[in-house]
**Student:** 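Before we start, here is the structure in question, set down as structure tokens.
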Amino acid sequence: MTDTEIREKISLFETMINTADENLAAELVSEDAIFYAPTQPEPLKGPKGYLSIVYMMRSAFSDIQWHLEDCVIESEKIAVCWTCTGTNDGEFMGHPATGKPFKVRCMNFYYFKNDKFISDVGNPDLLGILIQTGIIGK
């Protein structure tokens, strides 16, 4: 894939995570894909596994949005910096909603094979989310 094609895929991926579009997830994410999330002890698999992360976040932050800030491409490996925003209006990690907003940066490494995402290793700023939403003290 060319850098331009990868950037187009990242743009579609941004749409997919911001809308939880199952059809777009099936188009972009390999059935064999493995994803690591800090809230899960085992990796998640395929489009449904990836969307389970999105659904979990949406249940705690119904207005959550990811905005692409930067993208570095090396072959079929991509490093992405996102800004993530939302309001804690649902239970998160066993804590009740606080009604407070957050804005954090997230870093992810994505890997492609056969024009689809096959892996995502993410580093969301969970501490920032917990502090800004008042789930834990400053």
Side-chain angles (χ1 to χ4, degrees):
M1 290 177 58
T2 67
D3 284 5
T4 300
E5 291 169 328
I6 291 173
R7 288 181 192 283
E8 288 171 7
K9 293 276 185 181
I10 292 292
S11 180
L12 288 172
F13 190 83
E14 180 178 16
T15 299
M16 185 267 296
I17 60 177
N18 283 325
T19 63
D21 184 318
E22 292 180 14
N23 293 324
L24 202 48
E27 175 186 327
L28 296 170
V29 178
S30 171
E31 287 292 334
D32 299 326
I34 295 176
F35 303 103
Y36 299 91
T39 58
Q40 303 291 322
E42 298 296 323
L44 301 161
K45 297 182 180 173
K48 290 183 184 202
Y50 201 88
L51 285 175
S52 72
I53 299 167
V54 174
Y55 296 143
M56 182 272 298
M57 294 299 288
R58 286 192 177 289
S59 72
F61 313 99
S62 63
D63 62 347
I64 195 165
Q65 291 288 289
W66 289 267
H67 307 280
L68 181 66
E69 297 295 336
D70 199 6
C71 177
V72 177
I73 301 168
E74 179 181 300
S75 185
E76 292 191 339
K77 178 171 50 175
I78 302 94
V80 175
C81 179
W82 303 99
T83 295
C84 183
T85 59
T87 306
N88 181 214
D89 54 5
E91 184 179 300
F92 185 59
M93 299 175 69
H95 297 275
T98 64
K100 294 182 180 180
F102 73 89
K103 180 179 181 180
V104 297
R105 293 276 188 141
C106 306
M107 299 296 298
N108 293 69
F109 288 94
Y110 300 101
Y111 298 86
F112 283 94
K113 184 176 182 180
N114 299 324
D115 297 337
K116 289 194 173 197
F117 290 88
I118 60 164
S119 179
D120 171 7
V121 178
N123 185 19
D125 183 3
L126 288 178
L127 182 59
I129 292 171
L130 294 171
I131 290 171
Q132 291 178 37
T133 58
I135 292 173
I136 63 173
K138 292 183 180 182

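The shown structure was predicted, so the numbers you read here are calculated from the model rather than taken from an experiment. The first residue in the sequence is number 1, and the count goes up from there.
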**Student:** Would the distance check show the side chain of Ser11 and the main-chain N or O of Glu8 forming a donor-acceptor pair, the cut-off being under 3.5 Å?
**Tutor:**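 No; judged by distance alone, with no hydrogens or angles, the pair does not exist.
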**Student:** Is there a side-chain contact between Tyr50 and Leu44 (heavy atoms, below 4.5 Å)?
**Tutor:**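 A side-chain contact is absent here, since even the closest heavy-atom pair is not under 4.5 Å.
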**Student:** So, the side chain of Asn88 versus the backbone of Ala60: is there a donor-acceptor pair under 3.5 Å, distance only?
**Tutor:**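 Flag set: sc Asn88 to bb Ala60 pair under 3.5 Å.
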**Student:** Does one hydrophobic cluster hold both Ile64 and Leu127, with members joined at side-chain heavy-atom distances below 4.5 Å?
**Tutor:**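 Yes, it is one cluster - the side chains of Ile64 and Leu127 are joined through contacts under 4.5 Å.
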**Student:** Could you list all the ring-ring contact (aromatic ring centres under 6.0 Å, His included) pairs where at least one residue sits in residues 116-137, not counting sequence neighbours?
**Tutor:**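 Pairs touching residues 116-137 that pass the test: Phe13-Phe117, Tyr110-Phe117, Phe112-Phe117.
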**Student:** For the atom pair NZ (Lys113) and CG (Asp32), what is the distance rounded to the nearest 0.5 Å?
**Tutor:**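 Going from NZ on Lys113 over to CG on Asp32, the span is 8.0 Å.
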**Student:** Locate the shortest heavy-atom distance separating Gly46 from Phe35; write the atom from each residue and the value.
**Tutor:**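 Scanning both residues completely, I find the closest heavy atoms to be O-CE1, 3.5 Å.
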**Student:** Report yes if some heavy atom in the side chain of Leu51 is under 4.5 Å from a heavy atom in the side chain of Met16; otherwise report no.
**Tutor:**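 Touching, per the 4.5 Å side-chain cut-off.
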**Student:** Could you check whether atom CD of Glu22 has more than 12 heavy atoms from other residues, nucleotides or ligands sitting under 6.0 Å from it?
**Tutor:**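 No, because the 6.0 Å sphere around CD of Glu22 holds 12 heavy atoms or fewer from other groups.
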**Student:** Can you give me the closest heavy-atom contact between Thr133 and Lys100, atom names plus distance?
**Tutor:**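 Heavy atoms only, the tightest pair is O-CD, 3.4 Å.
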**Student:** Are Met107 and Cys81 close enough that some pair of their side-chain heavy atoms sits under 4.5 Å apart?
**Tutor:**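 Yes, side chains in contact.
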**Student:** To the nearest 0.5 Å, what is the distance between CG on Asn108 and OG on Ser119?
**Tutor:**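 Rounded to the nearest 0.5 Å, the CG-OG separation comes to 10.0 Å.
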**Student:** Do Ser30 side-chain atoms and Ile118 backbone N/O form a donor-acceptor pair below 3.5 Å?
**Tutor:**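 Checking the backbone N and O of Ile118 against the side chain of Ser30, no donor-acceptor pair under 3.5 Å is found.
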**Student:** For Lys116, does the NZ atom have more than 12 heavy-atom neighbours from other residues, nucleotides or ligands under 6.0 Å away?
**Tutor:**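 Yes.
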**Student:** Going from CD1 on Ile73 to NZ on Lys9, what distance comes out if it is rounded to the nearest 0.5 angstrom?
**Tutor:**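 Those atoms lie 13.0 Å apart.
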**Student:** Rounded at 0.5 Å granularity, tell me how far OG1 in Thr83 sits from CH2 in Trp66.
**Tutor:**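 Rounded to the nearest 0.5 Å, the OG1-CH2 separation comes out at 12.5 Å.
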**Student:** Out of curiosity, Leu130 CG to His95 NE2, how far, rounded to the nearest 0.5 Å?
**Tutor:**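 Between Leu130 CG and His95 NE2, I get 7.0 Å after rounding to 0.5 Å.
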**Student:** Strictly distance-based, threshold 3.5 Å: is any side-chain N or O of Arg58 a donor or acceptor partner for the main-chain N or O of Asn18?
**Tutor:**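 Checking the backbone N and O of Asn18 against the side chain of Arg58, a donor-acceptor pair under 3.5 Å is found.
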**Student:** Quick one: which of Asp125, Ile17, Asp70 gives a side-chain contact (heavy atoms from CB on, under 4.5 Å) with Trp82?
**Tutor:**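 It is Ile17; the other options fail the test.
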**Student:** Does Tyr36 share a hydrophobic cluster with Met56, counting links as ILVMFWY side-chain heavy atoms below 4.5 Å and allowing steps through other members?
**Tutor:**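 Each belongs to a different hydrophobic cluster.
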**Student:** Quick one, Ile34 and Tyr111 - any side-chain contact, counting heavy atoms below 4.5 Å?
**Tutor:**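 Not in contact.
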**Student:** Tell me whether Leu28 is reachable from Val54 by hopping between hydrophobic residues (I, L, V, M, F, W, Y) whose side-chain heavy atoms are closer than 4.5 Å.
**Tutor:**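 Result: yes, single cluster for both.
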**Student:** Please check if the side chain of Gln132 supplies one atom and the backbone of Lys103 the other of a donor-acceptor pair under 3.5 Å.
**Tutor:**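 Judged by distance alone, yes, a pair lies under 3.5 Å.
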**Student:** What is the minimum heavy-atom distance between His67 and Glu14, and which atoms define it?
**Tutor:**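 Taking His67 first and Glu14 second, the nearest heavy atoms are CA-OE2, 3.3 Å.
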**Student:** On a heavy-atom basis, which atom in Cys106 and which in Pro124 lie closest, and how many Å separate them?
**Tutor:**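 Reported closest heavy-atom pair: SG-CA, 3.9 Å.
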**Student:** Consider only side-chain heavy atoms of I, L, V, M, F, W and Y, link residues closer than 4.5 Å, and tell whether Leu126 and Ile131 are in one cluster.
**Tutor:**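 Same cluster: Leu126 reaches Ile131 through Ile, Leu, Val, Met, Phe, Trp or Tyr contacts under 4.5 Å.
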**Student:** Spell out, yes or no, whether Phe109 and Val29 are grouped together once hydrophobic residues are joined by side-chain heavy atoms under 4.5 Å, including indirect joins.
**Tutor:**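 Per the 4.5 Å side-chain linkage, Phe109 and Val29 are not co-clustered.
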**Student:** So, for Asp21 and Leu24, which heavy atoms are closest and what is the spacing to 0.1 Å?
**Tutor:**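 Result for this residue pair: OD1-N, 2.8 Å.
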**Student:** So, for Ile10 and Cys71, which heavy atoms are closest and what is the spacing to 0.1 Å?
**Tutor:**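 Scanning both residues completely, I find the closest heavy atoms to be CG1-SG, 4.4 Å.
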